[in-house]
Amino acid sequence: MILAICLVMVGLSGLLAATLPTYQMCVLHEQHKGWRLLMSMIAMFVFGYIGFIWLLFHRPTATLELIVAAVFAGGGLFVWLVTKMSRQTLAKLMQTIDDKDYQANHDLLTGLPNRNRFYDKMDDMLLATQSQFSCVMMDLNEFKIINDTLGHEAGDAVLKEVGKRIAYACPPHAIAARLGGDEFAVILPNTSSELATETALKIKQSLLQDIQFDHHKLAVGVSIGIAQFPSDGSDRRTLMKSADIAMYHAKNHHTPFTIFNRQSQSK
């Protein structure tokens with residue numbers, strides 16, 4: 001009797017241990033009814049195991065009871081093993097999906113949102129808000145010289161540091177992105193051109209300090225263009241084009257930044 005009860009207790013322990021991963025899968029995949037069904041079945045099995053233990057206490061134990069107890073032990077352990085492996089597989093799958101989503105929406109060098117993510121964020125803002133916001137376009141000055149003289153490793157180091165400094169200089173609600181190459185952009189929600197100007201100055205100031213690479217101190221300049229929604233564009237294409245025009249005006253006139261349609265106020 002003791003051996004049979006121990007075997008059933010092993011199976012019961014497996015069932016109880018399986019409840020946690022099953023519950024976690026129910027929470028993570030609540031739309032999938034299969035996990036709820038499995039949770040209900042485990043609960044019924046637990047009552048069945050407890051009933052069989054009660055039966056063993058009140059009747060003599062023969063070979064049949066030992067065989068059934070061994071089956072109960074194997075069944076409980078099997079349920080625990082399957083639920084544990086299922087949870088691990090699902091966790092890896094979810095992590096893979098998250099990684100794929102991150103890679104699809106972020107620049108792998110700087111960690112900033114990429115062009116596609118930037119476009120999506122701006123489109124969401126254009127649909128969801130009627131309040132003004134600023135689009136800031138940036139282009140590094142003479143960046144090609146760094147790549148040509150010191151190599152792409154130096155260029156990558158510069159881009160990573162520039163990305164960090166831009167993100168640090170922007171307010172918490174801003175969306176900073178690397179659009180590609182040495183081109184960066186920022187969306188400043190609920191921001192007037194005056195506040196966008198302050199952010200542009202902070203970015204410019206943050207890039208005045210040299211960037212250390214091996215034994216070299218690299219100086220990087222930036223040209224910045226600012227456009228305002230809705231006055232400078234009511235859609236993404238027009239707004240970014242306005243900021244782009246302002247940026248090239250700043251680059252050609254060697255000014256820190258330019259506000260679109262207000263070139264006379266260039267700083």
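- Side chain of T191 to backbone of P189: a donor-acceptor contact under 3.5 angstrom is found.
- Counting heavy-atom neighbours within 6.0 Å of H173 NE2, excluding the residue itself, gives a total above 12.
- With hydrogens and angles ignored, the 3.5 Å screen pairs no side-chain donor or acceptor of T238 with any backbone N or O of D235.
- Taking 4.5 Å as the limit, every side-chain heavy atom of I166 sits out of range of all side-chain heavy atoms of S206.
- Side-chain atoms of N114 come within 3.5 Å of backbone atoms of A104 as a donor-acceptor pair (strictly under, hydrogens ignored).
- Heavy atoms of other residues, nucleotides or ligands lying less than 6.0 angstrom from CD1 of I2 number 12 at most.
- Side-chain atoms of R117 never come within 3.5 Å of backbone atoms of H106 as a donor-acceptor pair (strictly under, hydrogens ignored).
- By the neighbour-count criterion of 12 heavy atoms within 6.0 Å, atom CZ of F45 is sparsely surrounded, having that number or fewer from other residues, nucleotides or ligands.
- At distances below 3.5 Å, not a single donor-acceptor pair connects side-chain atoms of Y49 with backbone N or O atoms of M9.
- Of the N and O atoms on the side chains of D120 and N116, not one donor lies less than 3.5 Å from an acceptor on the other residue.
- Identified under the salt bridge (charged side-chain N to carboxylate O under 4.0 Å, His left out) test for residues 78-95, with sequence neighbours left out: none.
- Between the side chains of S134 and Q228, a donor-acceptor pair is found at a separation under 3.5 Å.
- Of the listed residues (I146, L150, I211), just one forms a side chain to side chain contact (heavy atoms under 4.5 Å, CB included) with H216, and that residue is L150.
- Partners of D210 under the side chain to side chain donor-acceptor pair (under 3.5 Å) rule, at least two apart in sequence or in another chain, do not exist in this structure.
- Distance alone, capped at 3.5 Å, is enough to place a donor-acceptor pair between the N105 side chain and the D101 backbone.
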Inset, instruction - Take D99 and Q95 through the side-chain hydrogen bond (donor to acceptor under 3.5 Å, both in side chains) test and state the conclusion after the steps. - result: CA-CA 6 Å; D99 291 343; Q95 184 62 50; 2.9 Å; yes

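- Look at E198 and K202 and you find no salt bridge, because none of the NZ, NE, NH1 or NH2 atoms lies under 4.0 Å from a carboxylate O.
- Summarising the local packing, CD of Q205 is surrounded by 12 or fewer heavy atoms from other residues, nucleotides or ligands at distances under 6.0 Å.
- Remark: side-chain polar atoms of N252 are paired, donor with acceptor, to backbone N or O of Y248 under 3.5 angstrom.
- Proximity of a side-chain donor or acceptor of H253 to a complementary backbone N or O of H249 within less than 3.5 Å is detected.
- Without hydrogens or angle criteria, R115 side chain to F118 main chain gives no donor-acceptor distance under 3.5 Å.
- Between the side chain of T197 and the backbone N or O of S193, at least one donor-acceptor pair lies under 3.5 Å.
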